[in-house]
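In each ligand, atom 1 is the first atom listed, and ligand 1 is the first ligand listed.
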Amino acid sequence: MAGLIDKALVPVAGRGTRLLPATKAQPKEMLPVGGKPVVQHVVEELAHAGVRDLLFVTARGKGSIEDHFEPDPDLIEALRKSGKQDLVPSVDASQLVPNVYYTRQPVPRGLGDAIQHGRAFVGNEPFIVALGDSIIGLRGGATATRRTARVFVEWGADAAVAVEEVRPDQVASYGIVRPMAVGEVFRVATIVEKPEPKAAPSRLAVAGRYIFSPTIFQALQDVRPDANGEIQLTDAIRSIAEGGGKVIGVRLRRGEERYDIGNLRSYYETFFRFALADAEHGSRLRAYLRSHMTDRSG
Ligand code: UTP
């Protein structure tokens with residue numbers, strides 16, 4: 001299906017330190033959720049939203065992502081020969097998006113720096129950024145991405161960000177926006193990275209999906225590295241919003257929850273939500289978990 005925005009960047013170059021040692025020799029974006037790697041959920045969402053050109057911003061040690069999205073005729077042949085034909089569609093993730101490219105971020109200097117590596121790929125067009133460690137919705141987030149893209153176009157925005165209401169104890173983990181109005185779609189006055197709950201301008205957290213015009217690159221160029229030497233995307237969005245640019249927030253709807261697998265607690269929660277929703281295994285897993293709920297030994 002044709003989309004409003006043809007190009008997408010998927011940054012997958014972070015170190016995943018919060019998931020060590022699981023991520024010492026494998027990317028966090030390749031951890032399984034619902035029987036497939038997290039990043040495949042992201043690419044399926046983008047494919048359904050009509051993306052035609054996708055650039056992964058990758059890094060050393062992330063080669064399995066490239067392997068996963070590369071055609072593997074030997075494996076397909078072996079499956080056919082051994083009567084496992086039914087598995088063939090599930091192993092061909094290379095067909096999802098017509099054109100897939102890779103570039104490297106040599107040092108993980110933050111999400112803002114990762115996006116700067118997509119500048120030549122993007123050229124003068126608007127583009128989607130979809131974080132490789134976040135899934136939207138148990139059944140794919142294409143509508144959320146499409147809706148955010150539509151808002152971006154209709155408002156003639158510089159940036160549109162999907163946002164999700166989080167619990168007060170969660171605001172310190174995300175970029176939090178200050179909306180100029182209430183509603184599902186609103187202009188953003190500013191954005192604060194990981195505020196203390198008391199100082200938070202709202203409970204609306206950026207949810208890992210963004211649409212940008214190329215003006216974001218100028219803003220990123222002007223961002224100073226933070227105390228850890230990282231270029232924060234939030235800083236660039238804030239400078240656009242506070243400088244009079246049009247940054248629009250789009251609230252995720254029910255059924256479009258963001259599943260971020262960046263720490264062990266959220267990975268466990270995401271893993272179980274998808275496992276419980278599994279058509280084949282969900283109900284037995286539910287019974288299994290119930291039988292262990294009262295058993296304190298685990
Ligand atoms: P995170 O900040 O959650 O990822 O970035 P991280 O840096 O891997 O996490 P920790 O703190 O070390 O555990 C969200 C997304 O942005 C990518 C990550 O790969 C992830 O998909 N990212 C982050 C980059 O591509 N480059 C970076 O420098 C940082």
Side-chain angles (χ1 to χ4, degrees), residues 8-33 36-46 54-66 68-69 100-119 121-122 127-136 141 145 161-164 166 170-176 191 193-194 205-210 212 216-217 220-221 223-237 258-270:
L9 290 189
V10 180
V12 291
R15 283 212 174 98
T17 43
R18 286 168 296 158
L19 286 170
L20 283 169
T23 47
K24 181 166 181 291
Q26 68 173 336
K28 68 172 164 180
E29 295 83 2
M30 287 297 288
L31 291 175
V33 164
K36 52 192 161 195
V38 170
V39 69
Q40 183 170 336
H41 291 272
V42 177
V43 175
E44 286 176 1
E45 172 194 327
L46 295 173
L54 187 155
L55 178 72
F56 283 107
V57 182
T58 174
R60 200 172 296 112
K62 301 267 181 170
S64 59
I65 296 175
E66 289 172 54
H68 186 73
F69 289 99
V100 177
Y101 306 93
Y102 299 88
T103 192
R104 289 233 188 180
Q105 182 190 26
V107 182
R109 289 211 179 96
L111 182 55
D113 178 69
I115 288 169
Q116 280 179 302
H117 283 79
R119 190 169 192 161
F121 164 81
V122 162
F127 63 103
I128 297 170
V129 171
L131 302 192
D133 67 349
S134 295
I135 305 171
I136 305 288
T145 306
V161 295
V163 298
E164 178 183 58
V166 296
Q170 291 177 312
V171 295
S173 307
Y174 296 104
I176 303 291
I191 179 167
E193 182 68 12
K194 303 189 172 82
V206 296
R209 298 295 183 270
Y210 315 78
F212 292 117
I216 191 71
F217 293 114
L220 281 167
Q221 235 170 14
V223 168
R224 297 228 179 132
D226 68 8
N228 299 318
E230 295 194 354
I231 305 287
Q232 295 293 346
L233 177 61
T234 308
D235 289 345
I237 300 173
R258 178 224 193 145
Y259 296 95
D260 155 16
I261 58 104
N263 61 66
L264 200 54
R265 177 180 162 182
S266 62
Y267 176 58
Y268 281 159
E269 288 173 359
T270 301

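Regarding atom 16 (O) of ligand 1, its nearest protein heavy-atom neighbour is Leu111 CD1, 3.7 Å. Of all protein heavy atoms, the one closest to atom 2 (O) of ligand 1 is Arg18 NH2, 4.3 Å. With respect to atom 28 (O) of ligand 1, the closest heavy atom belonging to the protein is Gly110 N, 2.7 Å. Residue, atom and distance of the protein heavy atom nearest to atom 12 (O) of ligand 1 are Thr17 OG1, 2.5 Å. For atom 22 (N) of ligand 1, the nearest protein heavy atom (residue, atom name, distance) is Gly14 N, 3.4 Å.
Just one of Leu55, Leu9, Thr58, Thr103 meets the side chain to side chain contact (heavy atoms under 4.5 Å, CB included) condition when paired with His117; it is Thr103.
For Val12, the closest heavy-atom approach to ligand 1 falls below 4.0 Å. Under a 4.0 angstrom heavy-atom cut-off, Lys28 registers as being in contact with ligand 1.
Among all heavy-atom pairs drawn from Gln105 and Ala114, the shortest one is NE2-N, 3.3 Å. Scanning all heavy atoms of the two residues, the minimum distance from Ser64 to Met30 falls at OG-CG, 3.6 Å.
Both the backbone and the side chain of Ala13 come within 4.0 Å of ligand 1, judged by heavy-atom distances.
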(request) Starting from the C-alpha separation in whole Å, work towards a yes-or-no answer on ring-ring contact (aromatic ring centres under 6.0 Å, His included) for Phe56 and Phe69. (result) CA-CA 11 Å; Phe56 283 107; Phe69 289 99; 5.3 Å; yes
(request) Would you check, one step at a time, whether the test ring-ring contact (aromatic ring centres under 6.0 Å, His included) holds for Phe217 with Phe127? (result) CA-CA 12 Å; Phe217 293 114; Phe127 63 103; 5.4 Å; yes
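Checked by atom type and distance alone, the side chain of Glu66 never pairs as donor or acceptor with a backbone atom of Lys62 at under 3.5 Å.
Per-residue contacts place Pro108 under 4.0 angstrom from the following atoms of ligand 1 (heavy atoms of the residue considered): 28 (O). Here is the list of ligand 1 atoms found below 4.0 Å of a heavy atom in Ala114: 24 (C), 25 (O), 26 (N).
Taking CZ of Arg265 as the reference point, atom OG1 of Thr270 lies at 11.0 Å (rounded to 0.5 Å). For the atom pair Leu31 CG and Gln26 CD, the distance stands at 5.0 Å (nearest 0.5 Å).
Of all the listed residues (Leu9, Asp133, Asn263), Asp133 holds the heavy atom that lies closest to atom 15 (C) of ligand 1. Closest heavy-atom approach to atom 26 (N) of ligand 1 among the candidates Gln232, Lys62, Gln105, His117: Gln105. Around atom 19 (O) of ligand 1, the closest heavy atom drawn from Arg15, Arg109, Glu230, Glu29 belongs to Glu29.
Backbone and side-chain nitrogen or oxygen atoms of Leu131 are examined, and none is located within less than 3.5 angstrom of a nitrogen or oxygen of ligand 1. In terms of polar-atom proximity, defined here as any N/O pair under 3.5 Å, Val107 makes no such contact with ligand 1. In terms of polar-atom proximity, Pro11 is counted as a contact of ligand 1, with an N or O under 3.5 Å from an N or O of the ligand. Below 3.5 Å of separation, one finds an N or O of Gly16 facing an N or O of ligand 1.
In this structure, Arg119 places its CZ atom where more than 12 heavy-atom neighbours from other residues, nucleotides or ligands lie under 6.0 Å away.
Side-chain N/O atoms of Arg258 and Ser134 include a donor and acceptor closer than 3.5 Å.
For the pair Thr17/Leu19, no side-chain contact is recorded, criterion being any heavy-atom separation below 4.5 Å from C-beta on.
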